[in-house]
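Comments concern the structure below.
In this chain, residues are counted from 1 in sequence order. Bear in mind that the values here come from a model prediction, so they are computed numbers and not experimental data.
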Amino acid sequence: MADSKRLGVESMRTIVKEPNQCSEIEIEKFIQLVVEGGEVSTVGLRNRIKKAKNLIFIEQDSQCVAIGAVKVPNLEYKNKVFMKAGVTQFTKFMHELGWIYVTEAARGKGHGRNLVFSALRCIPGACFATTREDNESMHKLFNEFKFSKAGKPYKSQSGDYQLVLYTKE
């Protein structure tokens, strides 16, 4: 019998869970990768993760190599994001696609596409997402999945870069 690794075939699986279905090890791994991706305040991160609708993990050869989430943003946060982008109509956007991160070693293998696809299957209506203005990979993915740029880029609170708001109805 041939060894799958020797043939270049890697085992990959996508796991979608509600946060309360995740083990403490899974939550810790999710936190670790969110932090590794940067751009997110760690203050209250564990609580924000536990309030998400779904967490998505992609494992490759038994290692978690990518994560994402369907978030349920509070009104204050949603208001702030949309107002900074100059968009006033936001009440229909009940979910946010966020914390999308693929480890450097696993990039270029379609994991980002798999994360977005899996997340969108969990969202019952309109959603939004933000990404860095210079993150061309995410812009391409959002366009592929029929997201639209909304408003204007705005300065991030987490660093010296601009964010772009995307919406999908």
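- Among all heavy-atom pairs drawn from Cys64 and Phe57, the shortest one is SG-CD2, 3.9 Å.
- Contact check for Val72 versus Met94: no side-chain heavy atoms found under the 4.5 Å cut-off.
- Counting non-hydrogen atoms of other residues, nucleotides and ligands closer than 6.0 Å to CD of Gln89 gives a total of 12 or fewer.
- Ion pair Glu18/Lys53 not flagged as a salt bridge, since none of the NZ, NE, NH1 or NH2 atoms sits closer than 4.0 Å to an Asp/Glu carboxylate oxygen.
- The aromatic ring centroids of Tyr166 and His139 lie less than 6.0 Å from each other.
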Practice item. Could you go through the side chain to side chain contact (heavy atoms under 4.5 Å, CB included) check for Val40 and Trp99 one step at a time? Key: CA-CA 8 Å; Val40 175; Trp99 299 318; 3.9 Å; yes

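- Counting only distance, with no hydrogens or angles, the side chain of Arg48 and the backbone of Val43 share a donor-acceptor pair below 3.5 Å.
- Enclosure of atom CZ in Arg107 by more than 12 non-hydrogen atoms of other residues, nucleotides or ligands within 6.0 angstrom is indicated.
- Hydrophobic clustering places Phe142 together with Ile56 (ILVMFWY residues linked when any side-chain heavy atoms are closer than 4.5 Å, directly or through intermediates).
- Using a 4.5 Å heavy-atom threshold, the side chains of Val81 and Glu96 count as separate.
- Taken from CG in Asn79 to OG1 in Thr88, the straight-line distance is 10.5 Å, to the nearest 0.5 Å.
- Remark: the backbone N or O of Lys84 is paired with a side-chain donor or acceptor of Lys152 at under 3.5 angstrom.
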Practice item. Check the pair Ile27, Leu55 against side chain to side chain contact (heavy atoms under 4.5 Å, CB included), reporting the backbone distance first and the verdict last. Key: CA-CA 9 Å; Ile27 295 290; Leu55 302 180; 3.9 Å; yes

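- Summarising the geometry, atom CD belonging to Gln21 is positioned 9.5 Å from atom CD belonging to Glu26; distances are rounded to the nearest 0.5 Å.
- How far OG of Ser11 is from CD of Gln63: 10.0 Å, rounded to the nearest 0.5 Å.
- Of all non-hydrogen atoms in Phe30 and Ala69, the two that sit nearest each other are CZ-CB, 4.0 Å.
- A 6.0 Å sphere centred on NZ of Lys155 holds more than 12 heavy atoms belonging to other residues, nucleotides or ligands.
- In plain terms, the two heavy atoms of Ile58 and His111 that are nearest each other are CD1-O, 3.4 Å.
- Using a 4.5 Å cut-off between side-chain heavy atoms of Ile, Leu, Val, Met, Phe, Trp and Tyr, with links allowed through other members, Val164 and Val116 fall into the same hydrophobic cluster.
- Of all heavy-atom pairs between Ala85 and Ala150, the closest is CB-O, 4.0 Å.
- By the neighbour-count criterion of 12 heavy atoms within 6.0 Å, atom CG of Asp160 is sparsely surrounded, having that number or fewer from other residues, nucleotides or ligands.
- Here the straight-line distance linking atom CD of Glu36 with atom CD1 of Ile31 works out to 13.5 Å at 0.5 Å rounding.
- In summary, the aromatic rings of Phe82 and Phe93 are positioned with their centroids under 6.0 Å apart.
- Leu165 places a side-chain heavy atom less than 4.5 Å from the side chain of Phe128.
- Between Gly112 and Leu141, the shortest heavy-atom distance links the atoms C-CD1, 3.5 Å.
- More than 12 heavy atoms of other residues, nucleotides or ligands lie within 6.0 Å of CZ in Phe145, so this atom counts as buried by the packing criterion.
- Here CZ of Phe90 is found 6.5 Å from NZ of Lys78. Values are rounded to the nearest 0.5 Å.
- Taking the side chain as every heavy atom from C-beta outward, Phe147 and Asn143 never approach each other to under 4.5 Å.
- Each of Leu115 and Ile15 belongs to its own hydrophobic cluster when Ile, Leu, Val, Met, Phe, Trp and Tyr are linked at side-chain heavy-atom distances under 4.5 angstrom.
- The hydrophobic clustering, which links ILVMFWY residues whose side-chain heavy atoms are closer than 4.5 Å, places Leu163 and Val87 together.
- Within the 4.5 Å cutoff, no side-chain heavy atoms of Asn54 are placed close to those of Lys17.
- Separation of atoms CG (Leu120) and SG (Cys127) is listed at 5.5 Å; rounding is to 0.5 Å.
- In the hydrophobic clustering of ILVMFWY residues, with side-chain heavy atoms under 4.5 Å counting as a link, Ile67 and Met12 come out apart.
- Lys168 places a side-chain heavy atom less than 4.5 Å from the side chain of Lys146.
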Review point. Does the pair Glu144 and Arg113 meet the rule for a side chain to side chain contact (heavy atoms under 4.5 Å, CB included), with working shown?
Key: CA-CA 9 Å; Glu144 181 180 327; Arg113 181 174 292 103; 2.7 Å; yes

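- The shortest non-hydrogen separation linking Val16 to Cys122 is CG1-SG, 3.6 Å.
- Side-chain atoms of Glu133 and Tyr161 form no donor-acceptor pair, as typed in the model, at a separation below 3.5 Å.
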Point to revise | Val65 and Val102: CA distance, side-chain angles, deciding distance, side chain to side chain contact (heavy atoms under 4.5 Å, CB included) verdict | key: CA-CA 6 Å; Val65 297; Val102 179; 5.7 Å; no

